[in-house]
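Inspection log for the structure reproduced underneath, given as structure tokens.
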Amino acid sequence: MLTPALLEQLKNGLSDSQQQEGKLQVKVELQALSGAGVKPGAGVALQGAVIDFDIQAIAKDGQTSSSSGFEQPVKVRWPVSSAYDSDLLGIYKISDSGEPIYVGGTVVNGAIEAELNEAGKYALLEYRKTFSDVPATHWAANTLTRIAAKHLIAGTSETTFEPNRSITRAEFVKLIVNTLPLTDKADLAFGDVPENAWYADSLAKAVEAGLVSGKSADRFEPNAVITRQEIFDDSDARLRHRASDGISVRNE
């Protein structure tokens, strides 16, 4: 669905005279996944299709106006084949190097819906990630595959998950922040958290949202194993945050 703001954005790229007899062109070119140069990464099996998506305003003289970034997102609805596992589906932006970057998407009535913020190459993918140390017979294998397809978890390496290892405070923060649409960030005052730490962005969001706190005012101890009490406290804060966003939470 195209928003009035996007149409205005494209129109402003043309002169007043060019706008008089211009037209809007939406380009959607379907490509086979095998020929799109998508690089899935280790332990990932993909199936799906790729589209090259663009929107342009075209004047009578052939002058075009387009934008790689949209001021307001474009809502898309992509039909889903019954051959796919809907729990593993998502829409991905395909980078110039072929890397699939997860955008998201919700499966509703036989189609997946998502919002695109820019033109480019996109794919509807069934993303099936496996880990060498989590065999198909493992009690958590199916759950891990589905959570990995939503990009809520990652392995301890490209190929391993270490399912029996304890989780650290940093890993837990990354996990809970991945489940929430947080954008605001706090200025971190923890002396043991480097600015470029892989979890620093997630920690800044979690602290701003009141989901976690440090071991003290200036220490977070990211590599310490998180305790059951800490998980309970953080999970309770997370549930309260979801409820404040209008998400129904029930205690059963």
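Below, all heavy atoms of this structure are taken into account, side chains as well, without hydrogens, waters or symmetry copies.
Rounding to the nearest 0.5 angstrom, the gap separating the NE2 atom in H138 from the OG1 atom in T143 is 10.5 Å.
Panel note: side chain D218, backbone G191; no donor-acceptor pair is recorded below 3.5 Å. S132 places a side-chain N or O within donor-acceptor distance of the main-chain N or O of T159, the cut-off being under 3.5 Å. Side-chain atoms of E126 come within 3.5 Å of backbone N or O of D85 as a donor-acceptor pair. Proximity of a side-chain donor or acceptor of T168 to a complementary backbone N or O of E171 within less than 3.5 Å is detected. Under a 3.5 Å cut-off, the side chain of K205 and the backbone N or O of P181 do not form any donor-acceptor pair. Under a 3.5 Å cut-off, the side chain of R169 and the backbone N or O of F220 do form a donor-acceptor pair.
Placement of V76 and L125 in two distinct hydrophobic clusters is found when ILVMFWY residues are connected by side-chain heavy-atom separations under 4.5 Å, directly or transitively.
Looking at every heavy atom in both residues, S202 comes nearest to V177 through O-CG2, 3.4 Å. In plain terms, the two heavy atoms of D192 and Y199 that are nearest each other are O-OH, 3.8 Å. Between K129 and A148, the shortest heavy-atom distance links the atoms CB-CB, 4.0 Å.
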Distance-only donor-acceptor pairs under 3.5 Å for side chains of residues 96-113, two or more places apart:
unit_1: S97; atom_1: OG; unit_2: S95; atom_2: OG; d: 3.0
unit_1: E113; atom_1: OE2; unit_2: R77; atom_2: NH1; d: 2.5

(message) Go through it in stages, so that I can follow the logic: the residues are R128 and V44, the test is side chain to side chain contact (heavy atoms under 4.5 Å, CB included), and I'd like the CA-CA distance, side-chain angles, deciding distance and then a yes or no.
(response) CA-CA 5 Å; R128 190 178 296 273; V44 177; over 6 Å; no
(message) Quick one, T156 with F131, criterion side chain to side chain contact (heavy atoms under 4.5 Å, CB included). Give me CA distance, side-chain angles, the key distance, then yes/no.
(response) CA-CA 10 Å; T156 54; F131 301 98; over 6 Å; no
(message) Applying side chain to side chain contact (heavy atoms under 4.5 Å, CB included) to Y122 and I51, what does each step give before you reach the verdict?
(response) CA-CA 5 Å; Y122 290 87; I51 60 169; 4.2 Å; yes
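The shortest side-chain heavy-atom distance between L182 and E208 does not fall under the 4.5 Å cut-off. Contact annotation: the side chain of V207 approaches that of V212 to within less than 4.5 Å [non-hydrogen atoms, C-beta and beyond].
A perpendicular orientation is assigned to the rings of H151 and Y92, their planes being inclined by more than 60° (bins at 30° and 60°).
Around atom NZ of K215, more than 12 heavy atoms belonging to other residues, nucleotides or ligands sit under 6.0 Å away.
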